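The shown structure was predicted, so the numbers you read here are calculated from the model rather than taken from an experiment.
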Amino acid sequence: MVAGELVQEHLRADTGAPDAIAVARKSPELDGAAERCADPTYAAAAAAAATLRAVEADTDRALELEKEVPPDEREAMLPNGGGGGGGEKEGNSLETRLYRRRFAVLAVFSLYSLVNAFQWIQYSIITNVFTHYYGVTNDKVDWLSIVYMLVYVPLIFPATWLLDRRGLRVTALLGAGLNCVGAWLKCASVSPELFGVTVTAQVVCSVAQVFILGLPSRIASVWFGPQEVSTACATAVLGNQLGTAIGFLLPPVLVPNTPDDIELMGRNISIMFYGTAAVSTGLFILTIIVITDRPALPPSHAQAVLPDSPPEDYSYKQSILNLIKNKAFVLLLISYGIMTGSFYSVSTLLNQMIMACYENQELNAGRIGLTLVVAGMVGSILCGLWLDYTKTYKMTTLIVYGLSFLGMVIFTFTLDLKNIYLVFFTAGVLGFFMTGYLPLGFEFGVEITYPESEGTSSGLLNAFAQIFGIIFTLIQGKLTTDYNPVFGNLFLCAWIFLGILLTALIKSELKRHNVNMGADNNHLQALPTECPGDCPSESKTNGVKLEPSISFSHETSL
């Protein structure tokens with residue numbers, strides 16, 4: 001009995017402190033056995049003690065052999081050889097660090113993303129002005145917005161390949177540079193007969209967007225820590241939303257409708273275009289100075305266990321196939337495309353909807369658009385903070401999706417009540433949830449597809465958003481022009497309701513969060529190539545063993 005108790009105590013001891021195991025502990029029973037050494041039954045106790053010493057000796061030898069494993073072999077047990085530039089620190093704990101430069105990177109990206117979004121919406125919000133100036137129809141001005149969505153779909157695949165192969169810096173320079181070139185081309189298009197030039201300039205800006213929209217989740221992942229990554233992603237998306245908001249606000253102010261004075265209208269358009277070009281040039285210079293691929297040390301353990309660059313056998317095609325085979329991600333693709341496409345459609349056609357219900361309200365149409373987007377910016381930041389605090393990705397996404405549906409229904413049935421102030425309120429409610437959903441989809445996609453590239457998952461999400469945006473804008477625009485804005489909005493309501501059902505079916509497995517939680521709780525352990533049979537499958541993630549800890553790796557499904 002004494003030997004058995006000691007063996008159990010030994011097995012419970014911390015394997016990280018073998019010196020504590022090697023020291024035998026005295027107990028009252030052992031002392032009594034020593035005093036009865038002359039007793040004939042002592043032989044049995046002595047045999048048991050000898051067995052215990054043999055077990056202890058074997059254990060000590062095993063611990064010594066484990067200590068003698070070369071450091072490079074222990075490192076090789078970690079995924080990618082403990083890559084990510086982290087190195088080892090005290091065993092298997094990977095070194096991480098946060099740099100102040102991350103805020104400058106985030107700020108510069110957000111600002112040039114802002115200018116690109118401004119250039120997207122600057123035509124649509126004053127459709128009536130540009131149709132009069134260039135002598136074209138409404139649908140041609142609508143295409144200046146739709147071209148952003150149309151160009152994105154075929155170019156997203158080479159753009160995400162470039163992001164994976166050449167890194168963040170090259171992609172960011174292309175985005176900021178093309179944005180600058182497109183802005184200067186617009187300055188050369190200020191003449192009633194040069195509509196083709198302004199179309200070309202908008203195409204260039206739309207190509208720049210391909211190298212911008214997929215970067216928020218990549219910047220957040222490679223520069224920010226696990227407790228701030230969702231907020232950083234929301235802030236990066238916020239820049240694009242703020243650009244849309246300014247695009248709703250400034251063009252009606254800078255370019256008022258002066259149908260009787262075409263020359264004055266041209267001067268006002270020229271002021272708007274030259275101002276945009278100057279800001280774009282300054283931000284391109286800042287991009288060259290500030291943005292780099294990644295910090296010297298990774299910001300999180302989830303980044304530390306990933307390689308700094310794609311391995312030799314990396315296949316972009318295989319990465320795409322892996323994402324397509326992920327059922328949860330496919331459901332997210334469709335639901336994200338529906339919600340974001342609806343937002344694109346509402347933003348593009350807002351001027352036409354307001355003008356159909358309220359005459360001579362161009363300025364208020366821009367202000368309503370501003371209200372919609374600013375409310376969404378607040379929603380984005382709050383959703384990002386909430387995700388960093390709770391990690392309840394699916395639950396939050398589903399709730400925001402449902403509230404967006406309610407907001408769309410309310411906006412639809414209050415639009416034509418001849419109360420412009422009520423439209424301001426309902427547009428704000430709609431924007432708070434609909435625009436606030438955008439960073440949720442990005443971060444949720446990264447979680448359920450880790451360790452696949454953030455740029456690839458975000459690129460596919462944006463591609464589906466553009467596809468749905470084109471379809472919704474064309475159909476809603478036709479319904480709005482031929483019938484009534486209510487019919488176009490009801491069309492969107494039906495699709496958003498379908499998106500709620502698809503979101504409810506998503507299986508939430510937070511793979512990136514599992515890695516960070518295991519590392520933060522000192523449960524990140526090296527595993528052999530083949531896990532022993534008694535190792536539960538749910539405790540493994542990309543070769544990293546995660547012991548049970550408080551996390552939200554599997555959220556409750558509704």
Centre-to-centre under 6.0 Å for Tyr336 and Tyr437, is that the case here?
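So the answer is yes for these two rings.
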Between Trp120 and Tyr344, does the ring centre distance come in under 6.0 Å?
yes
Partners passing ring-ring contact (aromatic ring centres under 6.0 Å, His included) against Phe343 (at least two apart in sequence or in another chain):
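With neighbours one apart ignored, the set is empty.
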Could you go through the salt bridge (Lys or Arg N to Asp or Glu O under 4.0 Å) check for Asp142 and Lys140 one step at a time?
CA-CA 5 Å; Asp142 288 344; Lys140 286 185 170 59; over 6 Å; no
Nearest heavy-atom pair of Cys205 and Tyr148: which atoms, and what distance?
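Closest approach of Cys205 to Tyr148: CB-OH, 3.3 Å.
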Minimum heavy-atom distance Ser124-Thr348, with the two atoms named:
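In this case the closest contact between Ser124 and Thr348 is CB-O, 3.7 Å.
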Would you say [X]'s side chain and [Y]'s backbone share a donor-acceptor pair under 3.5 angstrom?
{"X": "Ser345", "Y": "Gly341", "value": "no"}
{"X": "Arg294", "Y": "Gly167", "value": "no"}
{"X": "Asn179", "Y": "Gly175", "value": "no"}
{"X": "Ser113", "Y": "Phe109", "value": "no"}

Can you tell me which residue pairs pass the ring-ring contact (aromatic ring centres under 6.0 Å, His included) test with a partner in residues 227-272, sequence neighbours excluded?
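Those involving residues 227-272 do not exist here.
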Do the rings of Phe273 and Phe130 sit parallel, tilted or perpendicular, given the 30° and 60° boundaries?
parallel
